[in-house]
Amino acid sequence: MAIELNQIWDFPIKEFHPFPKAKLGVGAHDMLGVEAKDLGMTRALLMTTGLRGSGIIEELIGKIEYQGVDVVLFDKVESNPKDYNCMDAAALYQSEKCDGIISVGGGSSHDAAKGARMVIAHDGRNINEFEGFSKATNKENPKHIAVSTTAGTGSETSWAYVITDTSDMNKPHKWVAFDDTCLVDLAMDDPLLYYSCPEHFTAFCGFDVLAHASEPYVSRLDFAPSLGNAKYSIELIRDHLRTAVYDPRNLAARTGMMHAQYIAAQAFNSGGLGLVHSLSHAVSAFYDSHHGLNNAIALPRVWEYNLPSRFERYAEIAALMGVDTSKMTTVQAADAAVEEAIRLSKDLGIPDNFGQLSVNSYEKNRMNTGKYEGRGETMDTSDKQVRAIAEHMMDDWCTPGNPRESTVESLIPMVGHAFTGSY
């Protein structure tokens, strides 16, 4: 059923959602064991995608166990975390008699942990029952520490989590939940843990940050407490993303992107998201492709689509991204924001469109694997698939925040360009 926009956003009172306690900066992760113990954990479920070869998991387990906290490892979280990841982790938590969760990685690990906590707190209810706003009835979740190893998601400081419903693979569905009860108890962001993040993942995650910052800045909510963070995050991306990608051990760049992703998430936490995320979620639902990469391909198209409704704000974004707009009209400056996003995309090696993606496009690519096996080594660019993506977008909980009103028919040309067009 389509979401009624006027029932969600068109009201004068807007909600500001809290942030969890956080430790940010060089060496923060050294405190993990101490913090777990202080939260009362004696046996922690550590949830991660594996981070194999990085040495991070082994190091963190050592720091936790040194403080007398036992660790049970669940390293089966997948990118675009699936419903069964949450259910399996919750079952392991219960069988191993754990009393806290530590998630290590990016948004996949943190979101899966949030989902597992919901399942645990509600006596094993299926995670897919929690889609939407404030579905939790038990406010007491297991304690949760989120340790980030990428600068992208911001899940460690937001009230949102995103899960893929795989119960019907003929119509896969990636959904968003917003719930204040899913806030972590402690966020840990240490730029030293980002050093081993590969070049292309750093770029993908950086575009996730740009989406998180720009979408609340142009959102129909127009929520004043979010705008300052959104603007400053864009400036930090301008100053640090390219360096973080191509000089990965540059501490200033890694620290800058750590702060950019953290405050961008605080911006969207109350300021809303939009069609960049709706399109990304839809493509992930059908193909299990990387969320940040999806955002990178979607972002310039969505900005261009939205220009008529928020050209003044996009003109400001152009200036924040470093474009000299002093001799431009407002409309010209708005167009320049799109051009600058395209320039950043090309500088970071982002593919032109979804049709160019294949199972060999990047390492740890999960396209055509697991439950997605048989969907092909490339994406279907047919009109039927484009329409299915547009329909999924209209049922996404991020769509109501988008500044331009949308229909399936109005989205199809933009989605089609994202699948086959180029700049």
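When a residue number appears, it is its place in the shown sequence, counting from 1.
A pairwise comparison of heavy atoms in Tyr161 and Cys182 identifies CD2-SG, 3.8 Å as the closest pair. Scanning all heavy atoms of the two residues, the minimum distance from Ser108 to Ser79 falls at OG-CA, 3.3 Å. Here the closest non-hydrogen pair linking Ile317 and Ser214 is CD1-CB, 4.1 Å. Of all the heavy atoms in Ala315 and Ala333, the pair that sits closest is CB-CB, 3.6 Å.
In summary, the side chains of Thr202 and Arg254 do present a donor paired with an acceptor at a separation below 3.5 Å, with no hydrogens or angles considered. Side-chain contact of His29 with Glu59: a donor-acceptor pair under 3.5 Å is present, judged by distance alone. If you check the side chains of Thr166 and Asp83, you find a donor sitting under 3.5 Å from an acceptor. For the residue pair His212 / Gln261, no side-chain donor-acceptor distance below 3.5 Å is found, with atom types taken as modelled. His291 and Ser284 form no side-chain donor-acceptor contact under 3.5 Å, judged by distance and modelled atom types alone. Neither side chain, Thr48 nor Asp75, offers a donor N or O lying under 3.5 Å from an acceptor on the other.
Take His240 and apply the side-chain contact (heavy atoms from CB on, under 4.5 Å) test, not counting sequence neighbours, and it matches Leu236, Ala253, Met257. For Lys231, the side-chain contact (heavy atoms from CB on, under 4.5 Å) partners at least two apart in sequence or on another chain are Tyr217, Leu320. Residues passing the side chain to side chain donor-acceptor pair (under 3.5 Å) test with His200, sequence neighbours excluded: none. With sequence neighbours excluded, the residues satisfying side-chain contact (heavy atoms from CB on, under 4.5 Å) with Arg238 are Glu235. Every residue meeting the side chain to side chain donor-acceptor pair (under 3.5 Å) condition with His144, not counting sequence neighbours, appears here in chain and number order: Ser103, Arg117. Annotation: side chain to side chain donor-acceptor pair (under 3.5 Å) contacts of Ser289 (sequence neighbours excluded): Asn294. Listed by chain and number, the residues in a side-chain contact (heavy atoms from CB on, under 4.5 Å) with Ser167 are Asp165 (sequence neighbours excluded). Applying the side chain to side chain donor-acceptor pair (under 3.5 Å) rule to Ser278 yields the partners Thr399; only residues at least two apart in sequence or on another chain are considered.
A 4.5 Å side-chain heavy-atom check between Cys86 and Ile163 finds at least one atom pair inside the cut-off. Inter-residue side-chain proximity for Val104 and Thr49 is flagged as unmet; no heavy-atom pair is nearer than 4.5 Å. Residues Glu156 and Tyr262 have side chains in contact (heavy-atom distance under 4.5 Å, counting atoms from C-beta outward). Using a 4.5 Å heavy-atom threshold, the side chains of Met47 and Ile102 count as separate. Met321 has its side chain within reach of Ile234: a pair of non-hydrogen atoms, C-beta onward, lies under 4.5 Å apart. A 4.5 Å side-chain heavy-atom check between Met367 and Ser358 finds every atom pair outside the cut-off. A 4.5 Å side-chain heavy-atom check between Trp175 and Val162 finds every atom pair outside the cut-off. Considering only heavy atoms from C-beta on, Phe178 comes within 4.5 Å of Trp397 through its side chain.
For the atom pair CD1 (Ile297) and OG (Ser280), the distance works out to 9.5 Å, reported to the nearest 0.5 Å. The CD1 atom of Ile389 lies 11.0 Å from the CE atom of Met414; values are rounded to the nearest 0.5 Å. Atom OG1 of Thr157 sits about 13.0 Å away from atom NE2 of His17, to the nearest 0.5 Å. In this structure, OG in Ser406 is found 4.5 Å from CG in Leu275, a value given to the nearest 0.5 Å. In this structure, the separation between CD1 on Ile127 and OH on Tyr84 is 14.5 Å, given to the nearest 0.5 Å. From Ile57, atom CD1 reaches atom OG1 of Thr149 across 7.5 Å, with rounding to the nearest 0.5 Å.
Taking the six-membered ring for Trp, Trp159 and Phe19 have ring centres at least 6.0 Å apart. Checked against the 6.0 Å centroid threshold, His392 and His281 do not count as a close aromatic pair. Aromatic rings of Phe204 and Tyr362 (six-membered ring for Trp) have centroids within the 6.0 Å cut-off, being under it. Between Phe130 and His122, the gap from one ring centroid to the other is short of 6.0 Å. Remark: aromatic rings of Trp303 and Tyr314 are close, center separation under 6.0 Å. Taking the six-membered ring wherever Trp is involved, the centroid distance between the rings of His259 and Tyr232 does not fall below 6.0 Å. In this structure, the ring of Phe354 has its center no less than 6.0 angstrom from the ring center of His417.
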Kindly indicate, with the supporting measurements, whether the criterion side-chain hydrogen bond (donor to acceptor under 3.5 Å, both in side chains) is fulfilled by Ser410 and Tyr305. CA-CA 9 Å; Ser410 72; Tyr305 175 86; 2.9 Å; yes

Under the side-chain hydrogen bond (donor to acceptor under 3.5 Å, both in side chains) criterion, do Asn306 and Asn402 qualify, and how do the steps go? CA-CA 8 Å; Asn306 283 337; Asn402 195 71; 2.9 Å; yes

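Side-chain atoms of Ser361 never come within 3.5 Å of backbone atoms of Leu357 as a donor-acceptor pair (strictly under, hydrogens ignored). Side-chain N or O atoms of Asn295 include none that pairs as donor or acceptor with a backbone N or O of Phe207 at under 3.5 Å. With hydrogens and angles disregarded, a donor-acceptor distance shorter than 3.5 Å links the side chain of Ser219 to the backbone of Gly271. Between the Lys135 side chain and the Ala177 main chain, no donor and acceptor come within less than 3.5 Å of each other. Without hydrogens or angle criteria, Asn229 side chain to Ala264 main chain gives no donor-acceptor distance under 3.5 Å. Lys114 places a side-chain N or O within 3.5 Å of a backbone atom of Ser155 that can act as its donor or acceptor partner. Panel note: side chain Tyr93, backbone Gly100; a donor-acceptor pair is recorded below 3.5 Å. A donor-acceptor contact shorter than 3.5 Å is absent between the side chain of Ser270 and the backbone of Gln266. Of the possible donor and acceptor atoms, none in the side chain of Thr255 sits under 3.5 Å from a partner among the backbone N and O of Ala252. Judged purely by atom type and a 3.5 angstrom limit, Ser54 uses its side chain to pair as donor or acceptor with the backbone of Ile56.
Contacts classified as salt bridge (Lys or Arg N to Asp or Glu O under 4.0 Å) and involving residues 170-199 (residues at least two apart or in different chains) are given here: Lys143-Asp185. Residue pairs that meet the salt bridge (Lys or Arg N to Asp or Glu O under 4.0 Å) test with at least one member in residues 305-324, sequence neighbours left out, are Asp222-Arg313. Sorted by first and then second residue, the salt bridge (Lys or Arg N to Asp or Glu O under 4.0 Å) pairs with a member in residues 371-390 read Arg387-Glu409; sequence neighbours excluded. Among residue pairs with one or both ends in residues 262-290, those qualifying as salt bridge (Lys or Arg N to Asp or Glu O under 4.0 Å) are Lys82-Asp288, Asp288-Arg366; sequence neighbours excluded.
At a threshold of 4.0 Å, the pair Arg343-Glu340 counts as salt-bridged, since one of the basic side-chain nitrogens sits closer than that to a carboxylate oxygen.
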